[in-house]
Amino acid sequence: CALPIFGTKAVGEKSDRFAGTDCVLGAMAFWMSNVEVLVGYDKSRWGADPAYRRHIAHLDLLTHLIDHRDSRDGNILSSNDPAHARVFAVDNGLSFSGLKNLVPRFDWSKFHVKGLPAETVERLRTLTLEDLQSTLGTVAQFEVREGMLEPVALTASTHTGRGIRYDRKVLQMGLRDKEIKRVYARAQSILRKVDEGSISTF
């Protein structure tokens, strides 16, 4: 049993196992093709290509809300097909942490674009702190069954001050309460800028 998340030492060592199980923390990686490194965004294309504008706006909003802290080359990618403007944040391991990996050429933790889709802004307006706490407090949950950790339905966080909670019966993973509150604060900051006019909608 190897859970597909990060944070191991030498996978398989007895000391790495969750007590009472044969399970360890592991990592799973997927390789992408037909993509290229994205450093910043093309402002000319932003104004001329509606699909590109929408995808970049959503990428910028996501990386800002999660406080993306690993914007080195290769972690932000774009499709190299000019007909498909998809963009990707492929390594979010330092998000929410406050830590930063090197000094990037373009810091995606900051919000850069001057506009957002109108429907996205309206969705942000409906988002409450309680919504975030219920959806981000527990994002994965497992139950010990015969020495294995089996995925089960999510329940409320058992410890809002810890990201990983394990009592030898149930394992929960999610954001800490203070991390969730920071996501909410960043969302509210974006909405204030929309209301002030410094961020437009399209």
Side-chain angles (χ1 to χ4, degrees), residues 4-7 27-32 34-47 49-81 84-127 129 131-133 135-137 139-140 163 173-196 198-202:
I5 53 177
F6 292 89
M28 183 179 295
F30 295 90
W31 295 98
M32 300 181 67
N34 302 314
V35 292
E36 57 192 19
V37 171
L38 178 66
V39 179
Y41 68 100
D42 185 331
K43 293 183 179 179
S44 296
R45 189 177 178 187
W46 163 273
D49 185 341
Y52 180 82
R53 180 165 58 246
R54 182 178 181 84
H55 285 304
I56 289 292
H58 281 156
L59 173 72
D60 201 23
L61 179 62
L62 169 68
T63 54
H64 176 63
L65 291 179
I66 68 174
D67 196 23
H68 189 283
R69 289 302 186 108
D70 198 1
S71 300
R72 59 182 175 172
D73 291 1
N75 284 349
I76 306 294
L77 304 171
S78 66
S79 167
N80 57 19
D81 180 351
H84 297 86
R86 298 294 301 276
V87 289
F88 310 90
V90 299
D91 186 347
N92 303 296
L94 293 182
S95 298
F96 311 108
S97 69
L99 302 175
K100 182 175 288 189
N101 188 8
L102 307 176
V103 178
R105 286 195 283 167
F106 191 87
D107 186 354
W108 284 98
S109 69
K110 303 183 184 302
F111 191 74
H112 300 277
V113 300
K114 299 301 182 183
L116 284 169
E119 66 271 23
T120 301
V121 171
E122 292 312 306
R123 288 183 66 185
L124 274 184
R125 290 193 190 282
T126 66
L127 193 64
L129 178 58
D131 290 332
L132 290 176
Q133 289 169 330
T135 56
L136 299 179
V139 298
M173 300 176 185
L175 295 188
R176 295 176 292 174
D177 192 55
K178 67 178 182 180
E179 294 167 336
I180 296 171
K181 288 178 178 177
R182 289 171 185 162
V183 173
Y184 182 72
R186 287 189 286 271
Q188 295 304 300
S189 176
I190 291 292
L191 291 175
R192 284 194 295 271
K193 291 177 181 177
V194 171
D195 293 339
E196 293 165 357
S198 58
I199 296 176
S200 63
T201 59
F202 54 85

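- With sequence neighbours left out, the salt bridge (Lys or Arg N to Asp or Glu O under 4.0 Å) criterion links K181 to D177.
- Considering all non-hydrogen atoms of both residues, A85 and A51 come closest at CB-C, 4.1 Å.
- The two residues S78 and V87 come nearest to each other via the heavy atoms CB-CG1, 3.8 Å.
- With sequence neighbours excluded, no residue forms a salt bridge (Lys or Arg N to Asp or Glu O under 4.0 Å) with D91.
- With F111 as reference, I190 is the one residue of L65, I190, T63 to meet the side chain to side chain contact (heavy atoms under 4.5 Å, CB included) rule.
- To the nearest 0.5 Å, the span separating NZ on K193 from CD1 on I199 amounts to 5.5 Å.
- Residues I66 and V183 have side chains not in contact (no heavy-atom distance under 4.5 Å, counting atoms from C-beta outward).
- The nearest pair of heavy atoms linking A57 to P117 is CB-CD, 4.0 Å.
- Taken from CG in N80 to CG in L38, the straight-line distance is 12.0 Å, to the nearest 0.5 Å.
- Taken to the nearest 0.5 Å, the CD atom of Q188 stands 9.0 Å off from the CG atom of L129.
- Here the CG atom belonging to L116 is positioned 11.5 Å from the CD atom belonging to E122, to the nearest 0.5 angstrom.
- Residues forming a ring-ring contact (aromatic ring centres under 6.0 Å, His included) with F106 (at least two apart in sequence, or on another chain): W108, H112.
- Legend: salt bridge (charged side-chain N to carboxylate O under 4.0 Å, His left out) pairs involving residues 104-114, not counting sequence neighbours, sorted by first then second residue: D73-R105, K100-D107.
- For V35, the side-chain contact (heavy atoms from CB on, under 4.5 Å) criterion is met by M32, L77, F88, not counting sequence neighbours.
- Under the rule for a side chain to side chain donor-acceptor pair (under 3.5 Å), the partners of D81 that lie at least two apart in sequence or sit in another chain are H84.
- In this structure, the side chains of D195 and R125 come closer than 4.5 Å at one or more pairs of heavy atoms.
- Taking the side chain to side chain donor-acceptor pair (under 3.5 Å) definition, one finds that E196 meets it with nothing, sequence neighbours left out.
- H64 contributes a side-chain N or O that, together with a main-chain N or O of S109, makes up a donor-acceptor pair within less than 3.5 Å.
- With values rounded to the nearest 0.5 angstrom, L94 atom CG is found 8.5 Å from R72 atom CZ.
- Rounded to the nearest 0.5 Å, atoms CD1 (I76) and CG (D70) are 8.5 Å apart.
- Residues L61 and L124 meet the side-chain proximity criterion, which asks for heavy atoms closer than 4.5 Å.
- Qualifying side chain to side chain donor-acceptor pair (under 3.5 Å) partners for R186, counting only residues two or more places apart in sequence or in other chains: none.
- Looking at residues two or more places apart in sequence or on another chain, you find no salt bridge (Lys or Arg N to Asp or Glu O under 4.0 Å) involving D131.
- Applying the side chain to side chain donor-acceptor pair (under 3.5 Å) test to R45 and every residue at least two apart in sequence or in another chain returns D49.
- Applying the salt bridge (Lys or Arg N to Asp or Glu O under 4.0 Å) rule to R176 yields the partners E179; only residues at least two apart in sequence or on another chain are considered.
- Checked against ring-ring contact (aromatic ring centres under 6.0 Å, His included), Y41 has the following partners two or more places apart in sequence or in another chain: W46.
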